*Asks:* 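Structure provided below as structure tokens; questions to follow.
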There are 2 protein chains.
Amino acid sequence: MHSFTEENYLKTIYHLSQLNDSPVQTNAIAEGMKTRAASVTDMLKKLSDKQLIDYIKYQGVTLTERGKTTAVGVIRKHRLWEVFLVEKLKFKWDEVHDIAEELEHINSGLLVERLDEFLGFPKRDPHGDPIPDKDGIFEPDQNIHLHEMCQGDKGVIIGVNEYTSSFLKHLERLGLTIGIRIEIEEIADYDGSVELLVEGKRINVSREVTQRILVNYK
Amino acid sequence: MHSFTEENYLKTIYHLSQLNDSPVQTNAIAEGMKTRAASVTDMLKKLSDKQLIDYIKYQGVTLTERGKTTAVGVIRKHRLWEVFLVEKLKFKWDEVHDIAEELEHINSGLLVERLDEFLGFPKRDPHGDPIPDKDGIFEPDQNIHLHEMCQGDKGVIIGVNEYTSSFLKHLERLGLTIGIRIEIEEIADYDGSVELLVEGKRINVSREVTQRILVNYK
DNA sequence: AAAAATTTTTAGATTTATCTAAATATTCAA
DNA sequence: TTGAATATTTAGATAAATCTAAAAATTTTT
Ligand SMILES: [Mn+2]
Ligand SMILES: [Mn+2]
Ligand SMILES: [Mn+2]
Ligand SMILES: [Mn+2]
């Protein structure tokens with residue numbers, strides 16, 4: 001089996017590799033893992049020895065199939081536990097990420113499948129992120145970031161990509177939660193902030209926020 | 001916070017200290033933790049520095065109040081998770097102990113209390129062990145081991161003190177599960193095995209088994 | 001109360017994951 | 001295309017938890 005640390009590295013590498021299709025760089029991993037580049041290099045050697053990543057010195061890394069399977073498995077567990085915490089234990093969406101960081105490393109294949117079943121095979125976690133099925137398949141979805149939308153565009157908030165309690169509470173105060181319908185009224189040249197129509201009200205949202213909201217629009 | 005290892009040591013020391021009221025010895029801990037006496041000595045120093053145990057060289061250890069609170073907290077989580085696995089995820093009683101060994105170390109006070117509430121504040125785990133409440137209080141109970149009972153005694157199986165899958169499956173085959181009423185028909189001098197009346201049938205049970213079954217009798 | 005047996009501790013390694021500082025490789029930009 | 005900036009790796013330490021072997025303390029037995 002893999003240590004918690006190894007699993008966290010694989011998850012980080014997976015998420016980074018989603019951002020673009022070139023190999024993931026040491027420094028990016030170091031930032032994601034909140035550690036130093038030298039520590040990352042050490043771990044990359046280890047993951048490479050275990051055939052979880054393809055690693056060429058100075059050239060960054062890509063996950064092998066085994067590495068990807070492991071990473072997706074951890075993500076699956078993370079998101080299922082988040083659903084459990086919110087749906088069954090009445091946690092709020094801003095309270096569950098850190099607990100799921102721990103629960104995601106519990107290793108029992110049967111547990112994951114039973115949990116999935118108990119939750120009714122949910123497709124998304126409380127932050128709108130898709131939950132891979134037991135074969136690691138994600139439901140395809142084409143979202144865009146709110147900051148990529150144009151004046152007049154309409155859509156429904158489908159997810160976020162920051163999970164800190166402070167950010168999520170801020171969104172709640174703004175009324176920007178999952179499932180909410182929005183329309184872009186105006187984009188300010190000056191600071192990139194956006195004027196939105198949300199449930200009949202006009203609100204102004206900073207670029208920091210629009211970059212972290214995913215919208216499903218058609 | 002405490003590491004998984006520290007928590008496991010505290011739990012082991014707690015269980016051993018329940019067996020008699022003298023200080024717990026290094027070798028006993030080593031056996032319980034499946035490690036070497038030298039490793040135990042190292043850890044005892046650490047736990048002592050953290051004021052979780054009172055430790056006098058060569059004289060064994062006792063838990064401090066803080067140590068006891070921590071140990072009972074871990075036991076509480078272990079047993080609540082076992083209830084969750086059996087009651088909600090349909091695991092069998094012989095499948096849950098090892099998973100609970102991992103889940104017991106998830107640290108979130110809110111999680112434990114919400115879980116307890118979700119489960120309806122259960123008083124016992126699937127093996128009949130009492131679950132301490134949030135203040136660490138156990139429901140008082142006076143059980144005896146099946147091997148301590150005498151010919152003619154009657155009672156109800158209320159728990160076990162071994163949690164291996166092989167033992168628990170063996171009990172199931174014998175029909176000796178929690179809540180079952182039994183009566184001692186005869187005790188063999190030769191090997192200490194016991195003739196029991198269980199649901200109208202006479203069965204013979206070895207001493208290895210009778211030592212691991214707890215009975216509530218009056 | 002010695003000697004023997006047992007228990008516990010110390011000394012010194014090992015493994016894993018981390019760090020800082022220095023060396024080296026790669027990329028960017030003049 | 002060379003020098004500067006950036007990114008990455010190596011070297012050498014550290015901290016946690018473990019180990020074996022040997023020394024020391026305690027307990028038991030004679
Ligand atoms: Mn999360
Ligand atoms: Mn994690
Ligand atoms: Mn158990
Ligand atoms: Mn444990």
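Every chain is numbered from 1, with letters handed out A, B, ... down the list of sequences. If you're wondering where the values come from, they're calculated on a predicted model, not measured in any experiment.
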*Asks:* Using a cutoff of under 3.5 Å, can you pull out all pairs of nitrogen or oxygen atoms linking the protein to nucleotides 25-27 of chain C, with atom names and distances?
*Replies:*
{"unit_1": "dA25(C)", "atom_1": "O4'", "unit_2": "Tyr58(A)", "atom_2": "OH", "d": "3.2"}

*Asks:* Regarding Tyr55(A), tell me which of base, sugar-phosphate or nothing describes its non-hydrogen contacts under 4.0 Å with the strands shown.
*Replies:*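 Counting heavy atoms under 4.0 Å across all strands, the contact made by Tyr55(A) is with sugar-phosphate only.
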
*Asks:* Tell me which of Ile56(B) and Ser3(A) sits closer to the 5' end of DNA chain C, going by the nucleotide each one is nearest to.
*Replies:*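 Result of the comparison: Ile56(B).
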
*Asks:* Can you measure Met43(B) atom CE to dT8(C) atom P for me and round it to whole angstrom units?
*Replies:*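 It is 17 Å, rounded to the nearest whole Å.
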
*Asks:* For His127(A), give me all partners under side chain to side chain donor-acceptor pair (under 3.5 Å), at least two apart in sequence or on another chain.
*Replies:*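 With sequence neighbours excluded, His127(A) shows a side chain to side chain donor-acceptor pair (under 3.5 Å) to Glu82(A), given in chain and number order.
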
*Asks:* Can you list everything that forms a salt bridge (Lys or Arg N to Asp or Glu O under 4.0 Å) with Lys50(B)? Sequence neighbours excluded, please.
*Replies:*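 Listed in chain order: Glu6(B).
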
*Asks:* Check whether any side-chain N or O of Tyr9(B) sits under 4.0 Å from OP1 or OP2 of dA16(D), and answer yes or no.
*Replies:*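 Negative; the distance criterion is not met.
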
*Asks:* Determine whether the side chains of Tyr55(A) and Asp49(A) contain a donor N or O and an acceptor N or O closer than 3.5 Å.
*Replies:*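 There is no such pair (donor and acceptor under 3.5 Å, judged by atom type) between the side chains of Tyr55(A) and Asp49(A).
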
*Asks:* Considering residues at least two apart in sequence or located in another chain, which fulfil the side chain to side chain donor-acceptor pair (under 3.5 Å) criterion with His15(B)?
*Replies:*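 Not a single residue meets the side chain to side chain donor-acceptor pair (under 3.5 Å) criterion with His15(B).
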
*Asks:* Apply ring-ring contact (aromatic ring centres under 6.0 Å, His included) to Phe91(B) and list each qualifying residue two or more places apart in sequence or on a separate chain.
*Replies:*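 So Phe91(B) forms no ring-ring contact (aromatic ring centres under 6.0 Å, His included) with any residue.
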
*Asks:* Rounded to whole angstrom units, what separation is found between the CZ atom of Phe4(B) and the P atom of dT18(D)?
*Replies:*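 Interatomic distance, CZ of Phe4(B) to P of dT18(D): 13 Å.
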
*Asks:* Can you sort out which residues in residues 13-42 of chain A have a heavy atom within less than 4.0 Å of DNA chain C? Ascending by number, please.
*Replies:*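 Going residue by residue through residues 13-42 of chain A, the ones with a heavy atom under 4.0 Å of DNA chain C turn out to be Thr35(A), Arg36(A), Ala38(A), Ser39(A), Asp42(A).
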
*Asks:* Verify the contact: side-chain N or O of Lys45(A) to OP1 or OP2 of dT9(D), cut-off strictly under 4.0 Å; return yes or no.
*Replies:*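 It does not, given that no N or O in the side chain of Lys45(A) lies less than 4.0 Å from OP1 or OP2 of dT9(D).
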
*Asks:* Report the residues that fulfil side chain to side chain contact (heavy atoms under 4.5 Å, CB included) with Ser206(B), sequence neighbours left out, ordered by chain and then residue number.
*Replies:*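 With neighbours one apart ignored, the set is Glu208(B), Val209(B).
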
*Asks:* Output all residues satisfying side chain to side chain contact (heavy atoms under 4.5 Å, CB included) with Ser193(A), sequence neighbours left out; order by chain, then residue number.
*Replies:*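 In terms of side chain to side chain contact (heavy atoms under 4.5 Å, CB included), with neighbours along the sequence ignored, Ser193(A) is linked to Ala188(A), Asp191(A), Asn204(A).
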
*Asks:* Could you tell me the separation between the CG atom of Leu44(B) and the C1' atom of dT7(C), rounded to a whole number of Å?
*Replies:*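 Rounding to the nearest Å, CG of Leu44(B) and C1' of dT7(C) are 13 Å apart.
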
*Asks:* Pairs in or reaching into residues 18-31 of chain A: which pass side-chain hydrogen bond (donor to acceptor under 3.5 Å, both in side chains), with residues at least two apart or in two chains?
*Replies:*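 Listed once each, the pairs are Asn20(A)-Ser22(A).
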
